[in-house]
Amino acid sequence: MRLTLLLRLLREVSGLRLALLAPVLLAAVGRGLVLAGTHPAGQWAVPFLTF
């Protein structure tokens, strides 16, 4: 019984963490692409990273 309770709690917390972390990761990747697109040396990588 304790094992099933522990597994259920871990599953619920993992889902909450993923729901909170996904927008932050998306914003960070978007910001990185914007910065790479404005940098002369990074402009070649943006088209490859977006496809």
Side-chain angles (χ1 to χ4, degrees):
M1 178 150 161
R2 285 186 181 185
L3 182 62
T4 57
L5 179 61
L6 180 65
L7 290 174
R8 186 178 58 178
L9 287 173
L10 284 174
R11 188 172 49 237
E12 289 175 2
V13 169
S14 297
L16 180 62
R17 267 190 205 159
L18 185 61
L20 292 174
L21 187 62
V24 174
L25 287 175
L26 184 64
V29 168
R31 178 74 175 148
L33 286 174
V34 167
L35 287 176
T38 59
H39 195 273
Q43 286 181 353
W44 65 270
V46 174
F48 295 114
L49 294 175
T50 56
F51 290 116

Note to self: Using the side-chain contact (heavy atoms from CB on, under 4.5 Å) definition, which of the options Met1, Arg8, Arg2 pairs with Leu5?
What the structure shows: Arg8
Check: Which heavy atom of Val46 sits nearest a heavy atom of Leu33, and at what distance?
Finding: CG2-O, 3.8 Å
Next item on the list: Over all heavy atoms of both residues, which pair between Pro47 and Gln43 is shortest? Give the atoms and the distance, please.
Entry: CD-O, 3.3 Å
Next item on the list: Enter the distance from Leu7:CG to Glu12:CD here, rounded to the nearest 0.5 Å.
Entry: 11.5 Å
Next item on the list: Supply the atom-to-atom distance Leu20 CG to Leu25 CG, rounded to the nearest 0.5 angstrom.
Entry: 11.0 Å
